[in-house]
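Take a look at the structure set out below.
A, B, ... follow the sequence lines: proteins, then strands. Residue 1 opens every chain.
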Number of protein chains: 2
Amino acid sequence: MTSQTRPRLLDPFVSPGAIAIIGLSRSAIGSPVSVHTTLLDMGYEGGIYIVNPSMTSAPGATVCKAISEVPKTVDLAIISVERTMVPATLEDCAAHGIGAAIIITQGFADADDIGAALQGRIDAIIARTGIRVMGPNTIGLVNSLSKFTSSFIEVARDDLPVGQVSQSGFLMMGHHLVTNESAGYCTSIDLGNACDINLIDVLEHYETDPAIKVIECHAEAIEDGPAFMAAALRIGRSKPLVVLKAGRTAAGQVAVASHTGAVAGQTRVSDAAFRQAGVFQADSAEELRSFSKSLATFGSMAGKRIAIMSFSGGGAVLAIDALDRAGLELAELSPETVKTVAGLFPDWMEVKNPLDIWIPVAKDLNHSFPLVMNALLTDAGVDAVMCIYCSYNLPKYDRYDASGYIRDLSAASPGKPVVCWSYGQDIEGFTRTIEAKRSAIVYPRLDDAARALAILAVQGARQHAAAAPATWPPANAKAEAIATGILHKSKADGLEYLFTEAFEILDAYGLPMAKWAAVRDEADLPGRTAGLKAPLCLKIDSPDVIHKSDSGGVALGVGSGEALLLAFRDMTAAVAARVPGARLSGVVVQEMAAKGTEVLVGMVRDPAFGPCVVFGTGGVHAEILDDFAFRIAPVSQEEARAMIAETVVAKILAGARGQAGANIEALVDVICKVSQISVAHPEIQEIDLNPVFAGPGGASLVDARFILADGGAYSHEGCGP
Amino acid sequence: MTSQTRPRLLDPFVSPGAIAIIGLSRSAIGSPVSVHTTLLDMGYEGGIYIVNPSMTSAPGATVCKAISEVPKTVDLAIISVERTMVPATLEDCAAHGIGAAIIITQGFADADDIGAALQGRIDAIIARTGIRVMGPNTIGLVNSLSKFTSSFIEVARDDLPVGQVSQSGFLMMGHHLVTNESAGYCTSIDLGNACDINLIDVLEHYETDPAIKVIECHAEAIEDGPAFMAAALRIGRSKPLVVLKAGRTAAGQVAVASHTGAVAGQTRVSDAAFRQAGVFQADSAEELRSFSKSLATFGSMAGKRIAIMSFSGGGAVLAIDALDRAGLELAELSPETVKTVAGLFPDWMEVKNPLDIWIPVAKDLNHSFPLVMNALLTDAGVDAVMCIYCSYNLPKYDRYDASGYIRDLSAASPGKPVVCWSYGQDIEGFTRTIEAKRSAIVYPRLDDAARALAILAVQGARQHAAAAPATWPPANAKAEAIATGILHKSKADGLEYLFTEAFEILDAYGLPMAKWAAVRDEADLPGRTAGLKAPLCLKIDSPDVIHKSDSGGVALGVGSGEALLLAFRDMTAAVAARVPGARLSGVVVQEMAAKGTEVLVGMVRDPAFGPCVVFGTGGVHAEILDDFAFRIAPVSQEEARAMIAETVVAKILAGARGQAGANIEALVDVICKVSQISVAHPEIQEIDLNPVFAGPGGASLVDARFILADGGAYSHEGCGP
């Protein structure tokens, strides 16, 4: 049981006092694939009750004929009956006062229509009775500390302070199964179909669990993006969160859908959301393990300056390549360090980082190795030491065994990570020695070591950064009311795309529109355009003309007076000819904006994460150039600045080649206001401002397109309850 | 000994009949770090002669007092005397008729000036006596087949038909030291400083060695790029070549320089060269091993369609992500395959790729596993099978052991690679079983498996592609003569940058220059510009003005007549004011080119690979946009087309958004002619044509800059003899 005083939602799952197993066949007694076997192997100390009318006894457990016979001390049921039996079984559990259940059985929302209907019945029982459910379609849980598991396959025990949450039993089975190491976590939970207990519940449990220092998460789909981000941001302040997002590709997403019955979010949006939420994203199962182990072992790293000591010069060169790929730097050794170790090297070798220590080590490892390693660990210009050595286990190679020194010296320098890469005939044996005090880690590859150091540096920078308060554009109730009115009317009119309506909304929110006027017919023309200065630009306004240029619906550089009238007539005639039957609402006449760098500001509404604001290179080739930064709204001014800085076009906006730079704050304002509009008006599915001209004098918007949500209002497309 | 009838350069190194060891101390007898020990351990069957005046006997060897005492059967000396003694020792060997030597000693060009001078003396002895040398600063060689090695550290024996060549003893020590596996090659050669025997020599040896099917190469610097490319292209037709280029980063290159005394080439140029030469490039020591083992095991793969069978749905999702990252596809299973396996799965599971086989396997592995695997291996729409399984070694898990099936069924289907990823408690043990027949490979990570399959697919496509003959623009002797004259004069004039001279050379080669005239003074103006149509563009011509725009040296959209005269005066005055003392040769007056997409065509001369042609997005922001493709000259028309296709701007040139596409063949011609100029005129160090306007009507050049080689002629900056 945990030492918390207030009971938490997951306590009956994580540390149950007694459990009932329902659906265990007689053949499962003594079987290697049986929760009964694994519970006994784990040494679970609570009461085990097996519900099976045709069984008489089982070792270490009490057999009951029916759920009604299990004692009231049981606070968790493990259900693995055939899928059609699950709702009735769950109902019985709830009726008997069992407050929690893990449903192992698969074939629900992960499978076919019948399964989805069955899951619907489970949902109804949960809602009606208040019983809490993990699964269905899950292996459930393993907790080394309470020695409890619902897994039907053997799991390793580990006390590494890592809490894992997974959407697949595969990851939940533990990294020891991938790496031949210890489990890699002390608690793991497989969410399965997550009909009740979900990702956020588990994250919040780990947040308050004193045994957990690092949280790792395998996610195939994030259901409630905003809730995830809020939880991740809050939890990240005390415990780093590492995420492996599986199902990244279109093909992968198909498999995800059939695997968990959930819809995977778009990769770029989820990548942005993870970064924004301060999550460390891993690229593979191995990296998930490597990152969480590194964070649990070292906590963080003070800077990015790495010293390399290597038995091989060739290995050191590969290490430098790996550090560079990870964005780290070679430390410059202090004069004191150089002086301390110089005597070990022949005269003709320059003593500098990386240190090729083969010659001193071949001469006398016991003298030179600790001398060099200590010098590096005490050098104020070194943030971490990367150690490349060989691990020959033959007795004849004893004099080249550095493992004890690495273990002891790293343990004596807790502030500086010591990361290792080994070559030799007994890498595993040497690794056990080196990692015995949990003060150094041996990585399978140099890139693994470098990437782990890189996230330790990020974690270190975060801990030392003063939490700058985010700033936002002021709320604008008046604009919101105007926009709501326009959107209401547009919906009533059955509009799907907004043009002049979008211009009006942007005007209301104070975005820097190039001066414009909507002109319904020729008679309106002089009056409406009186305040506009030529050269002008004309754009057709029709709900039936989406690609204006292609339909003769755009004219640029038009003069005023007679020229304007002629252009108006030409355009309406041309569009009528090219798009027969198109409804023509009129023409928008607009001043030509002062030229500048073309950027794009937009928004797409993601099914999981909601409005995602986009900034990047604009113009007709925006999609091809594909230079975009993404942020989930609301976007603060600080985040907007960071978005701009991420793009390639930022270097042009900064004023390349002696040109004056663009007004970045004007763009920040556009981005923040688009964010504001997106949050305030969920009816808008997509916003496209392209091009926005960015120049030294500010930003200028000349075109806008809003797409309204299908069916009017924004609907959450996740599959949760 | 090899079975070749004609003796080859490396035969005395690779399979020496008898050897002399010079520089072995008495303490090395029985030492674990001793060539004498490793030779005995390998079971070398040739004669071993130790030259040491103070030693009397050594097991398995004959001790001689001096080199003059060793018998004439000795055809290789292994020298590890102190560095200052090396030249005299080598001289003695040569004098005694020993034809080959491996110099282990370090501290030569890899170290300081004294070392470099000593290496110079070695070079002189080689040139004078004809003795052939491997090293210095090398571990030398290991050959499992002849049981010979010069390594002073134990090496594993292996008969995998891979030949390795390395520039560091670290890699040469064998992958078994990195992976706890067998060596990973049957022959390896460490080049060290390569004062004589070089990379090409070793590649050519492996090319003719029937025991070698795949060549792997660890290179920190390529000295002679063109020779390497020619060898790689030729050898690649019969034996795939895998390269790990170390020292990729600026920092890494510093370490490379100090490590082997060689200058590393620029990464992007060498990447282009490797690709062009058909080399498979590995990113890490582990990938070098993975690629060569995969090519040696499977040869190639017919297509890109992969079937996945997995014990875990979650694992299958991760596998799909890995396949996607590697550019592979999920195979669509044939109706026959689906029909064959459908009965194994519950009704609610859709039977399609990836196949989550846990339910059938849990029921009866011996029935379902071979059924599924055979169905996939015989499906014509499947090019390879990826198998994810668990490897529990406990007897109780015997019924889940798929390893024997994977070994046997893959061996029965030699045409289709079977790649595996395992989770379990005895991955190594299962791997030994699965790989016993060398018909399947277990990869440590899914991405390793996917990336290996991707190169197998490339190799397969290569084998099936008809070798299309390359086409080239016709030679142009007249243009070459004109250009040679211009360059000769420019050098004589001490010019570093060429402007009008470059225009003249480009005109001579028939590049599509916008019509232009060089005008020396006002008096010339009317006559010289009579044939030019306004609007015109003016550019200052001065050897002292490099950045013309910044100095008032560019005017656009100028009219003819009076307007032209005024612009001419303004420009010469402005430049004289802004760059006081600048020599003014006059002004270039040019027709404004028809607008189009701005591209850049250029050339940089790489110290190792020679002229490297560049194509990509042009304009003032070309460097920022960084959208370039590189090829080593000469560039064929086919390669030029491929270059264009690699860039982002290609999508714009293709005619995005309904616009007419640019004339690609006109750009191909520009690229090929720049290549031609680069090859014909090594005095040109750099060519910069930016912008080149590309439109439907063709290409149009409006600006050009040539940089002449420092000191006039192009000099090879490698550090070879």
Side-chain angles (χ1 to χ4, degrees), chain A residues 32-33 107 111-112 114-115 168-171 173 176-178 180 220 246-249 251-252 255-256 258-259 284-286 312-318 320-321 324 330 346 348-350 354 362 390 394 396-397 423-425 427 444-447 550 620-621 624-625 648 651-652 656-658, chain B residues 32-33 107 111-112 114-115 168-171 173 176-178 180 220 246-249 251-252 255-256 258-259 284-286 312-318 320-321 324 330 346 348-350 354 362 390 394 396-397 423-425 427 444-447 550 620-621 624-625 648 651-652 656-658:
Chain A
V33 184
D112 55 1
I114 296 171
S168 163
F170 164 64
L171 258 287
M173 295 315 300
H176 64 296
L177 301 177
V178 179
N180 282 332
E220 294 184 338
R248 296 181 63 77
T249 62
V256 166
S258 62
H259 185 52
S284 64
E286 292 79 11
S312 150
V317 173
L318 294 173
I320 294 171
D321 286 348
D324 186 78
L330 267 187
W348 51 261
M349 274 186 95
E350 192 184 355
C390 54
L394 302 175
K396 65 179 182 178
Y397 288 118
Y423 55 109
Q425 291 155 331
I427 292 171
R445 302 179 186 185
L446 285 168
D447 280 307
D550 303 347
V620 291
H621 296 309
I624 290 176
L625 299 174
V648 172
K651 293 181 198 159
I652 295 170
R657 311 245 328 170
Chain B
V33 185
D112 56 1
I114 297 172
S168 163
F170 164 65
L171 258 288
M173 294 315 300
H176 65 295
L177 301 178
V178 179
N180 282 332
E220 293 184 341
R248 296 181 63 75
T249 64
V256 167
S258 63
H259 184 52
S284 64
E286 292 80 11
S312 150
V317 174
L318 294 173
I320 293 171
D321 285 347
D324 187 78
L330 267 186
W348 51 261
M349 276 186 92
E350 192 185 354
C390 54
L394 302 175
K396 66 179 181 178
Y397 287 118
Y423 54 109
Q425 291 153 331
I427 293 171
R445 302 179 186 185
L446 285 168
D447 281 307
D550 303 347
V620 291
H621 297 308
I624 290 177
L625 298 174
V648 173
K651 293 181 198 158
I652 295 171
R657 313 246 326 171

Quiz prompt | A/P444 and B/R445, any side-chain heavy atoms less than 4.5 Å apart | solution = yes

Quiz item: Which atom pair, heavy atoms only, marks the closest approach of B/G314 to A/S168?
Solution: CA-OG, 3.2 Å

Practice problem: Taking all non-hydrogen atoms of both residues into account, name the closest pair between B/W348 and A/A111 and its distance. | Solution: CE3-CB, 3.0 Å

Quiz item: Is there a side-chain contact between A/I652 and B/L625 (heavy atoms, below 4.5 Å)?
Solution: yes

Quiz item: B/G247 and A/D321: which non-hydrogen atoms are nearest, and at how many Å?
Solution: N-OD2, 2.8 Å

Self-check item: Residue selection (most heavy-atom pairs with chain B, distance under 4.5 Å) from A/V648, A/I624, A/L446
Solution: A/I624

Quiz prompt | Top contributor to chain A contacts, counting heavy-atom pairs under 4.5 Å, from B/D447, B/I114, B/D112 | solution = B/D112

